[in-house]
Structure formats: C-alpha cells, structure tokens
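So the structure is just underneath, and the comments pick up after that.
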Amino acid sequence: MTASWQSIGSADLINLLGLEESLLGGQSFSWSSQGENQWIGVIRRAVVHLRWENEQLQWKSSGSIPIGKKELEHYLWLDDSYCRAIDALPWRSDLSLDQAIKKFSGLRVLRQPIDETLLVFLLSSAKSIPQIKQLRHRIHLNFGEDLGEDLFAFPGWERLSKLSETEARKLGMGYRAKYLVGVAQFLSQRHGWLEEVSGLKYKEARSCLMELPGVGPKVADCVLLFGAGKSQAFPIDTWILQALERQYGMKGWTMQQMQEFAGIHFGQHAGLAQQFLFSFQRSVGQTKSAKKE
DNA sequence: AACCAGGATAGCA
DNA sequence: TGCTATCCTGGT
C-alpha cells in the first residue's frame, strides 16, 4: 500500500469527537483506533485508513478492491444533506436533543452494506461492543478474504450458509449460533432478498426483516438505519430506553408508544436523533446505578 | 459465586 | 397484548 493521504469532506461538516463516535460508538464494528486521531476499518473488500490532521479529514485505501472517494463520501455521509438533516431535527424546542447534538457535534449515521450490518447486529444481542467486534472478527478471519493488515472481508451469506450450528457455537456465538445459521440458510436460498427488502418502505421492510430468526424490533431497526438508509428507523436499546424514560418522562410507556412518539417528535430523521441521544446517554450513564424505580 | 450485558422467543396469564 | 424465564459466553 503506497497510496498517499488525500483530503475528503469539508471540515465544517466534521468534528473530531463526533467522527470518532460515529466510527467506534456501536453502529459499525469494523473500525478500530490506530493511534491518536487515526483509524483503520474495512468497507466491503477495501481497507480504509482515516486520520484527522490539520483540522481536516484525510484518507487512503488498499485491499483487494480499494474504495473510491465518492463511495467513501457516501459511506461517511459527507454531503450537504447531513446539515439539512440536522437542521430538520427539533433541537430548537428539545433541550435534551440540543445538548446531545452540541456535545457530539459532527456525529453521523454511517451508510453500511446491509448484508454485513445484518450479521453484526444478529450477533449483538446481550453483548458489549468489544465482544461484538471480537465475534465479528472471528467470523471474518475464518471465512472471509484476507485483506492484509490483519483485516478480513465479510465472507458473504452464501459462505456462511455452509456453517453448521455446532461450528458456529465453537466460534463462541452461544445461542446466537442458530440465528446465524437460520438467516444464512434463508438468504442463500433467496438471492437478492435483502436488497429487495431494503428497497421497500420503512415499515414494510421492518416487518420483512423481523421474519428472520433472531431479528426482533431492535435489530431490524439497526439494520434498516445503518444498512439500508432508512432514516426514520429508531432502534430502542437499553440506552435509548433510559434516555426516553429519564429525559422525556416516558416511564411506563410501551415500546410501541415510544416508537410512535419518536416518529412524530423526531420525524424523518429520527434515526439520526437516536444516534445523538444514544451517544449522550452512554457518555453520562456508564454507571449501572439509578436503575428502575 | 452470582449476576449482568446495547435482545429474541416461547409460554403463560 | 403484557409479563417472565431462558438462551450462551465472557467479564465483574
């Protein structure tokens, strides 16, 4: 890899903390920190290096199919539509959202490939970020293409469909093993199904995905938001639950009521709002105290 | 040595 | 519908 660093994106759309949170904060599990203000990750079969230097974002790419600038700009949501999305959020009347947007300025939703996204969120149940990364890496290492630099590509669902549940359990997946096998076999028999689903409207796509084993409301919303560009998707995990209960006074509400509230209050880009609230809540709430009540 | 974690599901009221 | 126990594994 002899390519040199190139600049990308306009600096006013990016902010160091927000960028790092976007890469490492739990929407993708393919990035890791590589020293100060520098990261390495995999997008499809490309190895991508990013760094923040001289108040600007720089990148270079290698791997068997290096990524192009346009594609990377899309992945990182570096165009103007990001600003418009932020502006459309109700931060003017919502102090909680406002403080989260200020703290994590520049935080964005990454546009990841849907097949890889489905895999990692299938693994995510009751696992922490480092554990999900580890599981993912183990799968990529065993079945995916070697891209160099100790990084491996997503093997594809076709390849994964040849796994048995026993083999999957040996990789440490626990009860998630049967989810992986079930989804892999389903998808290998229906080529193009995922792409078809991601072309549907949000609610239809959501119920389609939830037919897959191991995919409930939360995982479906993550896949749709991070892997299919459905910006209305509003995944409710424990952190968002905390935020909604404590800052929006929604204790006792059902999930369905919360989903409905999110759609009405946050609107078209509820998923972006979710990401800010998620990061903020996680940054202040690392304590396990102050639980229910 | 229990207990919990960024969930889904079956089983029951 | 709404609630609960259970599912694996790794970490505290």
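Residue numbers start from 1 in every chain, and the chains themselves are labelled A, B, ... in the order their sequence lines are given, proteins ahead of strands.
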Would you indicate which nucleotide in B/dA8, C/dC7, B/dG6 comes nearest to any side-chain atom of A/Arg169? C/dC7

Let's test your reading of the pairing rules: Watson-Crick or G-U wobble, both distances under 3.5 Å, then write DNA chain C as a dot-bracket string with ( ), [ ], | and dots. |||||||.||||

Separation of A/Gln281 atom CD from B/dA5 atom P, in whole Å? 14 Å

Of the listed nucleotides C/dG2, B/dG7, B/dG6, the one nearest the side chain of A/Ala126: B/dG7

Would a hydrophobic clustering, with Ile, Leu, Val, Met, Phe, Trp and Tyr connected at side-chain separations under 4.5 Å, put A/Leu147 with A/Phe152? no

Validation row, ring centre A/Phe186 to ring centre A/Trp193 under 6.0 Å: yes

Rounded to whole Å, how long is the line connecting atom CG of A/Leu209 with atom C1' of B/dA8? 14 Å

How far does the C1' atom of C/dG2 sit from the matching atom of B/dG6, given to the nearest Å? 23 Å

What's the CZ-C1' distance between A/Phe234 and B/dG6, to the nearest Å? 14 Å

Can you work out whether A/Ile132 or A/Val215 has the more 5'-proximal nearest nucleotide on DNA chain B? A/Ile132

For DNA chain B, find the residues of residues 171-189 of chain A with a heavy-atom distance under 4.0 Å and give them by number; none if there aren't any. A/Tyr175, A/Tyr179

Among the nucleotides B/dG6, B/dG7, B/dA8, which one has an atom lying closest to any side-chain atom of A/Ser125? B/dG7

Assigning hydrophobic clusters by single linkage (Ile, Leu, Val, Met, Phe, Trp, Tyr; side-chain heavy-atom cutoff under 4.5 Å), is A/Trp91 placed with A/Phe261? yes

Centroid-centroid under 6.0 Å between A/Tyr179 and A/Phe121 rings: no

Select base, sugar-phosphate, or nothing to describe what A/Pro217 touches, counting heavy atoms under 4.0 Å on all strands. sugar-phosphate

What nucleotide among C/dT9, B/dG6, C/dG2 has an atom nearest to a side-chain atom of A/Lys127? C/dT9

Tell me which of A/Glu165 and A/Gln256 sits closer to the 5' end of DNA chain C, going by the nucleotide each one is nearest to. A/Gln256

Remember a base hit wins even if backbone is also touched, and classify A/Leu212 as base, sugar-phosphate or nothing at under 4.0 Å, heavy atoms. sugar-phosphate

Select base, sugar-phosphate, or nothing to describe what A/Ile240 touches, counting heavy atoms under 4.0 Å on all strands. nothing

Could you tell me the separation between the CG atom of A/Leu277 and the P atom of B/dG6, rounded to a whole number of Å? 17 Å

Inspect the surroundings of NE2 in A/His137 and state if more than 12 heavy atoms from other residues, nucleotides or ligands are less than 6.0 Å away. yes

Rounded interatomic separation in angstrom, taking CD from A/Glu167 and C1' from C/dC8: 18 Å

A/Phe121 has an atom CZ; how far is it from atom P of B/dA8, in whole Å? 11 Å

Under 30°, 30 to 60°, or over 60°: which ring-plane class applies to A/His140 and A/Phe154, parallel, tilted or perpendicular? tilted

Whole angstrom is fine here: how far is it from CG in A/Leu135 over to P in B/dG7? 14 Å

So which of A/Leu209, A/Leu160, A/Leu122, A/Leu194 actually passes side chain to side chain contact (heavy atoms under 4.5 Å, CB included) with A/Val183? A/Leu122

Below 30° counts as parallel, above 60° as perpendicular, anything between as tilted: where do the rings of A/Tyr75 and A/Trp31 land? tilted

Residue pair A/Phe278/A/Met210 against DNA chain B: nearer the 5' end by closest nucleotide is A/Phe278

Considering only atom P, compute the distance from C/dC8 to B/dA1 and round it to an integer number of Å. 23 Å

Using the rule that two of Ile, Leu, Val, Met, Phe, Trp, Tyr join whenever any of their side-chain heavy atoms come within less than 4.5 Å, decide whether A/Leu24 and A/Trp59 are in one cluster. yes

Give a yes or no on whether A/Arg111 atom CZ has more than 12 heavy-atom contacts from other residues, nucleotides or ligands under 6.0 Å away. yes

In whole Å, what is the span from the CH2 atom of A/Trp239 to the P atom of B/dA5? 9 Å

